[in-house]
Amino acid sequence: MENQLQIYNTLSRKKEVFIPLRSGKVGLYVCGPTVYGKAHLGHARPAVTYDLLFRYLKHIGYKVRYVRNITDVGHLANDADEGEDKIAKKARLDELEPMEVVQIYTNDYHKNMQQLNVLPPSIEPRATGHIIEQIQTVEQILAAGYAYESNGSVYFDVEKYANDYPYGELSGRKIEDLQTNTRVLDGQDEKRSPLDFAIWKKASPEHIMRWPSKWSDGFPGWHLECTAMSCKYLGDTFDIHGGGMDLTFPHHEAEIAQAKAAHGKDAVRYWMHNNMITLNGQKMGKSLGNAISLEEFFTGEHDLLEKAYNPMTIRFFMLMAHYRSTLDFSNEALQAAEKGMERLLKAVETLDKLEAKAESTVDVKSLSGKCYEAMNDDLNSPIAIAHLFDGVKMINSIADDKASISADDLEQLKSLYSTFVFDLFGLKKAEQQGGANTEAYEHAIDLLLQLRVDAKANKDWATADKIRDELAKLGFEVKDTKDGFSWELK
RNA sequence: GGUCUCUUGGCCGAGCGGCUAGGCAGCGGUCUGCAAAACCGCGUACGGCGGUUCGAAUCCGCCAGAGACCUCCA
């Protein structure tokens, strides 16, 4: 019980102490991407958020099964009944086989996630790979009496469900309000109520993604996959379900209803929702046309970007804000994050070179405690980072002989930074090229700078400055240190 | 229209009734042949108006502005 993690549960709207269903084990499900386009900055938010959660849960000793799905069918492009499947639509536009579209963007997503150093989940199920499970779930819901068949499609009976169970708990919605506010869409005559949603949809003749079922040749409803797959891999009741805030209604509300209708009990114990990324104060979203793809961030090829940003900068940028706050994108903010991260990573390097003394004038234990306290408080990474920056001062002061550290404390400090910076926050140092060529050129630069040291010893400032300035022109940053020099290629 | 959330110093962002995070940028200093880096110090912000309280950025009310969801969305 050393680390008592508290998680904000959307269901109760407050922070709750996290106690898993089965001691020592955690079942975590997160809504993954719909693979019909390039991943954008918004996709990185939940990925990084729940990656942090995944890493932290493992760090504090849990065995975690992390399931994050790939949605490759079931989301309609437009209005519920008249629209067509997103994937199918994209396939027609590009004249590709639907699964080809899915594969392209799945590969893309994986690549981006790897660049962001997001760990792969334990299981990454695809909706199309679980049609049978989804059909079974439809059958269960029908058998329980919370769905009805209409013209080859099966609809969830929201009103009947709402009579027996609370509906709208998660999103704070009242069914009466929904009834008066629901927009009337075309072709809803198949439904008994506009609130009802399809759990199996009959495919129109031109619809290319279709599977046989007893009701019709069709495809599963938009919300069903998560219910079917989370329960398949994590059980009828599991610990944590995460996703973007925009999924709270109707997606997660529908999930709750489906699972309860099918199994008679609540599936999820803790609901977590990450907030949105905004651009000029407005949500960044594909449908809003203001999304910047991750690839564009990494290459800098977008009108709004002043430069290319390292994936680690994006990651750090996100960690510097709490996951439940909106995070506003700007070049200025991103560059501030970039510099801050560099300073942090540099301090970690400095830390490796520190020498222990007999006595400590710094309080490592307290620093460590504060970092864990922040993480336990609903994954407050910005607070933890703030404390790590306090530690940066500590490290630099020790390096400057303005403070000292004992061997024990030094070990602890190293372990703290290695744990937080690399294991939990998942940051990586800038890639070193390595190899024989690199080594040779590094020695050449060292040689030049050694000549500069000699020049300095002879007070030959002209030569010394020339070496430094010329190297600077080539992109090298040279710094003098107490006993020599250091350099890096910017 | 309904439901909900937010408004913090030049920028980004913590904060959840007293002890006034942190990063970036800026200013002054130390160090340095000069730089760079680092270190030290500085700037006292909480949309407006009221109220509760000994005390409010933090609680309540009103007003203003922004946003989210209600339709696919991370």
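Throughout, a chain's letter reflects where its sequence line sits, starting with A, and its residues are numbered from 1.
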Counting only side-chain nitrogens and oxygens, does Asn331(A) get under 4.0 Å of the OP1 or OP2 atom of rC12(B)?
no

P spacing across the pair rC6(B) / rC16(B), given as an integer number of angstrom:
14 Å

Across the strands shown, which category fits Val478(A) at heavy-atom distances under 4.0 angstrom: base, sugar-phosphate, nothing?
base

With P as the reference atom in both, quote the distance from rG61(B) to rU52(B) in angstrom, rounded to an integer.
15 Å

Rounded to whole Å, please give me the gap between CG in Leu379(A) and C1' in rG15(B).
17 Å

Select one nucleotide: of rC69(B), rC39(B), rA35(B), the one nearest the side-chain heavy atoms of Asp400(A).
rC39(B)

Among rC39(B), rA36(B), rC69(B), the one nearest Asp246(A) by side-chain distance:
rC69(B)

Between His387(A) and Met276(A), which is nearer to the 5' end of RNA chain B once each is assigned its nearest nucleotide?
His387(A)

Just name whichever nucleotide pairs with rG10(B), Watson-Crick or G-U, keeping both distances under 3.5 Å, else none.
rC24(B)

Whole-Å distance between rC16(B) P and Arg324(A) CZ?
13 Å

Both distances below 3.5 Å, Watson-Crick or wobble geometry, any strand: find the nucleotide opposite rG61(B).
rC49(B)

Categorize Lys393(A) for me: base, sugar-phosphate, or nothing, with a 4.0 angstrom heavy-atom threshold over every strand shown.
sugar-phosphate

Between Ser325(A) and rA14(B), does any side-chain N or O lie under 4.0 Å from OP1 or OP2?
yes

Look at the side chain of Arg452(A) and decide which nucleotide, out of rC24(B), rC34(B), rC69(B), has an atom nearest to it.
rC34(B)

Is it possible for you to check whether Lys286(A) lies under 6.0 Å from the centre of the six-membered ring of Tyr36(A), through NZ or CZ, and within 45° of that ring's axis?
yes

Counting only side-chain heavy atoms from C-beta out, which of rG13(B), rG23(B), rA35(B) sits nearest to Asp480(A)?
rA35(B)

Using the C1' atom on both, measure rC60(B) against rG1(B) and round to a whole Å.
27 Å

Is the CG atom of Asp469(A) crowded by more than 12 outside heavy atoms at less than 6.0 Å?
yes

Rounded to whole Å, CG of Leu367(A) lies from C1' of rA21(B) at a distance of 14 Å

Whole-Å distance separating the CG atom of Asn290(A) from the C1' atom of rG67(B)
13 Å

Need one value for Asp465(A): base, sugar-phosphate or nothing, where a base atom within 4.0 Å counts as base even if backbone is also close, heavy atoms only.
base

Has Phe389(A) got its ring stacked on the base of rG23(B), with centres under 5.5 Å and planes less than 30° apart?
no

Side-chain N or O of Arg343(A) versus OP1/OP2 of rG23(B): is the shortest distance under 4.0 Å?
yes

Do His130(A) and Tyr233(A) have their ring centres less than 6.0 Å from each other?
yes

Among the nucleotides rG33(B), rC70(B), rA38(B), which one has an atom lying closest to any side-chain atom of Asn396(A)?
rA38(B)

Classify Ile277(A) by what it touches in the nucleic acid, base, sugar-phosphate, or nothing, heavy-atom distance under 4.0 Å.
base

Can you say whether the rings of Phe156(A) and Phe197(A) are parallel (under 30°), tilted (30 to 60°) or perpendicular (over 60°)?
parallel

Write down the distance between CZ (Phe476(A)) and C1' (rA36(B)), rounded to a whole number of angstrom.
16 Å

Pro250(A) side-chain proximity, nearest of rC70(B), rG15(B), rG33(B):
rC70(B)

With a 4.0 Å cutoff (strictly under), does any side-chain N or O of Lys283(A) reach OP1 or OP2 of rC69(B)?
yes

Phe317(A) has its side chain closest, among rA25(B), rC12(B), rG2(B), to rC12(B)

Checking all strands, does Gly42(A) fall into the base, sugar-phosphate, or nothing category for heavy-atom contacts under 4.0 angstrom?
base

Could you work out which one of rA21(B), rA14(B), rG23(B) sits closest to the side chain of Ala336(A)?
rG23(B)

Does the structure show a Watson-Crick or G-U wobble partner for rA66(B), both distances under 3.5 Å? Name it, or say none.
rU5(B)

Taking the six-membered ring for Trp and the full ring for Phe, Tyr or His, determine whether the centres of His252(A) and His273(A) are under 6.0 Å apart.
yes

Assert: residue with more 5' nearest nucleotide on RNA chain B, out of Phe316(A) and Lys402(A), is Phe316(A)

rG33(B) and rC42(B): how far apart are their C1' atoms, nearest whole angstrom?
29 Å

By side-chain contact (heavy atoms from CB on, under 4.5 Å), Ala356(A) pairs with (sequence neighbours left out) Ala407(A), Leu410(A)

Between rA37(B) atom C1' and Leu345(A) atom CG, what is the distance in whole Å?
16 Å

Quick one: label Ser287(A) by what it contacts on the DNA or RNA (base, sugar-phosphate, nothing), any heavy atom closer than 4.0 Å.
base

Measure from NZ or CZ of Arg68(A) to the centre of the six-membered ring of Tyr29(A), then state whether that distance is under 6.0 Å and the direction lies within 45° of the axis.
no

Could you tell me whether the side chain of Arg468(A) has a donor or acceptor atom within less than 3.5 Å of a complementary atom in the base of rA35(B)?
yes

Which part of the nucleic acid, if any, lies within reach of Gln282(A) when heavy atoms closer than 4.0 Å are counted: base, sugar-phosphate only, or nothing?
sugar-phosphate

The side chain of Lys339(A) is closest to which nucleotide in this list: rG23(B), rA25(B), rC34(B)?
rA25(B)

rG9(B) to rC46(B) separation - C1' atoms, rounded to the nearest Å:
9 Å

Whole Å only: how far is the CE atom of Met245(A) from the C1' atom of rC6(B)?
11 Å

Any strand is fair game: report the nucleotide pairing with rC31(B) by Watson-Crick or G-U wobble, both distances under 3.5 Å, or none.
none

In Leu354(A), Asp409(A), Thr361(A), the residue satisfying side chain to side chain contact (heavy atoms under 4.5 Å, CB included) with Ser404(A) is Thr361(A)

For the side chain of Ala321(A), starting at C-beta, report the closest nucleotide among rG13(B), rA68(B), rC70(B).
rG13(B)

Whether the side chain of Asp328(A) and the base of rG13(B) hold a donor-acceptor pair under 3.5 Å is what I'd like checked.
no

Between Tyr270(A) and Phe18(A), does the ring centroid distance fall short of 6.0 Å?
yes

Any pair counted as salt bridge (charged side-chain N to carboxylate O under 4.0 Å, His left out), so long as it reaches residues 103-118 of chain A, sequence neighbours left out:
Lys38(A)-Asp108(A)

Taking only the P atom of each, what is the distance from rG13(B) to rC63(B) in whole angstrom?
28 Å

rG18(B) pairs with, by Watson-Crick or G-U criteria that keep both distances under 3.5 Å:
rC54(B)

Nearest whole angstrom, please: distance from the C1' of rC24(B) to the NZ of Lys307(A).
13 Å

Give me the distance, rounded to whole Å, that separates rG47(B) from rC54(B) when you measure between the C1' atoms they each carry.
27 Å

What contact category does Ala333(A) fall into here, base, sugar-phosphate, or nothing, at under 4.0 angstrom with non-hydrogen atoms?
sugar-phosphate

Nearest-Å distance once atom P is located in both rC19(B) and rU58(B)
13 Å

